[in-house]
Protein chains: 2
Amino acid sequence: MARLPGYLRALTALAADGTLSVSSEELASAAGVSSAMLRKDLSHLGSYGVRGVGYDVDRLSSEIAAALGLTQDWPVAIVGMGNLGRALAAYRGFAERGFRVIALLDRDERVVGEVVAGTRVRSTADLPALVEDDGLAIGVIATPPEGAQEACDELVDAGVRSVLNFAPVVLSVPDEVVVRKVDLSTELQILAFHGQRLAVAEAVAP
Amino acid sequence: MARLPGYLRALTALAADGTLSVSSEELASAAGVSSAMLRKDLSHLGSYGVRGVGYDVDRLSSEIAAALGLTQDWPVAIVGMGNLGRALAAYRGFAERGFRVIALLDRDERVVGEVVAGTRVRSTADLPALVEDDGLAIGVIATPPEGAQEACDELVDAGVRSVLNFAPVVLSVPDEVVVRKVDLSTELQILAFHGQRLAVAEAVAP
DNA sequence: ACGACTTTGTGAACACGGGCACAAAGTGAC
DNA sequence: GTCACTTTGTGCCCGTGTTCACAAAGTCGT
Ligand SMILES: NC(=O)c1ccc[n+]([C@@H]2O[C@H](COP(=O)([O-])OP(=O)(O)OC[C@H]3O[C@@H](n4cnc5c(N)ncnc54)[C@H](O)[C@@H]3O)[C@@H](O)[C@H]2O)c1
Ligand SMILES: NC(=O)c1ccc[n+]([C@@H]2O[C@H](COP(=O)([O-])OP(=O)(O)OC[C@H]3O[C@@H](n4cnc5c(N)ncnc54)[C@H](O)[C@@H]3O)[C@@H](O)[C@H]2O)c1
């Protein structure tokens, strides 16, 4: 089900073009998957396609959004206002997709109180209140590796159960908490691996 | 083999602690995988473990680094000097792991010439020269979605065959080019999905 | 109203990756 | 030198996710 967001994005682009209906073949290629896979994925949501025609773009968008829980806005907090945290805070793409950044947090007293992207940076001590009063549900960790586990613990203790982690460390959390990790260095190292394979292949058969 | 970078990171941390030898069990838990999986992964590289003892930390680090092609520095260019591109340019974690950011590029004439993180921003027209003269091997795309395919094409035409894409679009490239995608919104949407599942489960059995 | 055509939904085969469990191999104490 | 102990390397099994291929279902032109 990790592909649904990709389908949703492709559908949104089609809707913007004024397309009303789309076949599994077209949508699949727009989303970068095979048509068989797309159809099987969509069949799990129910039968929203019309044989001989395809899928209604608006209808399918709604169904996928509902399946992903995007009918409501999700409140998000960003923890760690360094380089990365500030770039994330300034990013407009979140709001467009139903995520509302309700708080920017930092541990450092010199950063707290600063205004970043129009929002005042608050202390991580405010976390329990944010969960209680504002329904904070998702935490984004943009602290250095050393601070990540601590930041994560504060989020979890406050009641946040979905975490997106940018720090290159393995976080330990209770079972009911879901952590997803975005790791730049790992991605680059995988690319380096491929680069090396290409170089070797070229040396053998130039 | 996408787990090797994780092992390498765990090993580096262990080496910093002065640890000389490590068992598959310990290393696996540090890297967040099962011990059986770790052993199977490492066995693909060759037999560098000693039965009854474990793995030599330094030796294993070298072997993994060699397998990943990290014995050399990889030249990297960042395309798109907006919010995200600037955060990436200022990030020191790259150099620590063997990646050298040799160029910051943008299409916008008003941005070209600006100095970001100590480096002058250049035009994407310089790409062929960067590949030819400086061995540029990896391109990072941090442009808005509309510009991403164009930026990618320029990279590929110049001879770059490893691309890391931050823009939320599916890039089309020739077979020999490897693209890896980092997509924030998708990650958040997956977290929203889990958040909704939790909410539903709680409503049923409070 | 009917038939040719298009496209979905799905059952069945297939491939891959992960986990289990154990034999082989090495260590170290006596 | 031998024996008990630890830990690796690996053969086998199993579940999940992907692709193939086709029947069922619907559309559109005549
Ligand atoms: N900057 C990038 O482009 C980039 C790229 C890839 C990965 N990362 C990762 O993202 C993370 C952040 O990078 P950065 O460059 O923004 O770091 P940074 O050092 O610029 O900023 C870190 C901020 O986090 C705050 N902090 C530290 N511990 C905290 C805690 N326990 N609770 C709350 N706030 C805390 C600090 O006060 C600081 O303001 C790092 O783990 C880095 O590896 C960054
Ligand atoms: N800012 C974030 O925190 C963030 C988070 C997630 C994803 N993203 C994604 O990263 C991308 C960049 O985001 P941003 O906020 O930095 O955007 P931005 O608008 O701030 O900056 C984009 C820069 O790219 C340049 N550019 C545009 N087309 C180009 C081309 N063809 N070649 C070279 N340069 C080109 C522009 O001149 C501009 O300087 C977007 O696709 C966005 O969706 C950003």
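Fair warning: this is a prediction, and the values are worked out from it, not measured in the lab. Every chain is numbered from 1 and lettered A, B, ... according to where its sequence line falls, protein lines coming before strand lines.
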Nearest-angstrom distance from the residue atom CD of B/E25 to P of D/dT8
8 Å

Atom pairs, N/O to N/O, protein against nucleotides 25-30 of chain C, distance under 3.5 Å?
{"residue": "C/dA25", "atom": "O4'", "partner": "B/R51", "partner atom": "NH1", "Å": "3.4"}

Those residues that, when tested against A/R3, pass side-chain hydrogen bond (donor to acceptor under 3.5 Å, both in side chains) (two or more places apart):
A/Y7, A/D41

Could you go through residues 125-139 of chain B and list every donor-acceptor pair under 3.5 Å that involves a side-chain atom there, pairing it with any protein atom two or more places apart or in another chain?
{"residue": "B/D126", "atom": "OD2", "partner": "B/R122", "partner atom": "NE", "Å": "3.0"}
{"residue": "B/D126", "atom": "OD2", "partner": "B/R122", "partner atom": "NH2", "Å": "3.4"}

Is any side-chain N or O of B/S24 closer than 4.0 Å to OP1 or OP2 of D/dT7?
no

Whole-Å distance separating the CG atom of A/L38 from the C1' atom of D/dT18:
13 Å

Which distance, rounded to the nearest 0.5 Å, do you find between the CZ of B/R180 and the OG of B/S162?
11.0 Å

Between B/R39 (CZ) and C/dA24 (P), how many Å, whole number?
16 Å

Would you kindly give the CG-to-P distance between A/D56 and D/dT27, to the nearest whole Å?
13 Å

Under a 4.0 Å N-O cut-off, is there an ion pair linking A/E176 with A/R161?
no

Test of understanding: with ring pair (Phe, Tyr, Trp, His ring centres under 6.0 Å), list the residues that count as partners of A/F193, not counting sequence neighbours.
none

Qualifying salt bridge (charged side-chain N to carboxylate O under 4.0 Å, His left out) pairs, either residue in residues 10-36 of chain A, two or more places apart
none

Nucleotide by nucleotide, 5' to 3', does protein get under 4.0 Å of the base (B), only the sugar-phosphate (S), or neither (-) in nucleotides 13-18 of chain C, counting heavy atoms?
-----S

So salt bridge (charged side-chain N to carboxylate O under 4.0 Å, His left out) across residues 76-98 of chain A, not counting sequence neighbours, yields A/R86-A/E114

Does A/Y55 make a side-chain N or O approach to OP1 or OP2 of C/dG9 shorter than 4.0 Å?
yes

Got a sec, which residues hit side-chain hydrogen bond (donor to acceptor under 3.5 Å, both in side chains) with A/S24, two or more places apart in sequence or on another chain?
A/R39

Output the rounded distance in Å from CG (B/L27) to C1' (D/dG9).
16 Å

With sequence neighbours excluded, residues passing side-chain contact (heavy atoms from CB on, under 4.5 Å) with A/D73
A/R100

All N/O donor-acceptor pairs, side-chain side in residues 142-153 of chain A, below 3.5 Å, sequence neighbours left out:
{"residue": "A/T143", "atom": "OG1", "partner": "A/A148", "partner atom": "N", "Å": "3.3"}
{"residue": "A/Q149", "atom": "OE1", "partner": "A/S172", "partner atom": "N", "Å": "3.1"}
{"residue": "A/Q149", "atom": "NE2", "partner": "A/D153", "partner atom": "OD1", "Å": "2.9"}
{"residue": "A/Q149", "atom": "NE2", "partner": "A/S172", "partner atom": "O", "Å": "3.1"}
{"residue": "A/E150", "atom": "OE1", "partner": "A/R107", "partner atom": "NH1", "Å": "2.7"}

Taking only heavy atoms on the protein side, list every residue of residues 42-49 of chain A lying under 4.0 Å from any atom of DNA chain C, sorted numerically.
A/S43, A/S47, A/Y48, A/G49

Residues that A/R51 engages under side-chain hydrogen bond (donor to acceptor under 3.5 Å, both in side chains), provided they are two or more places apart:
none

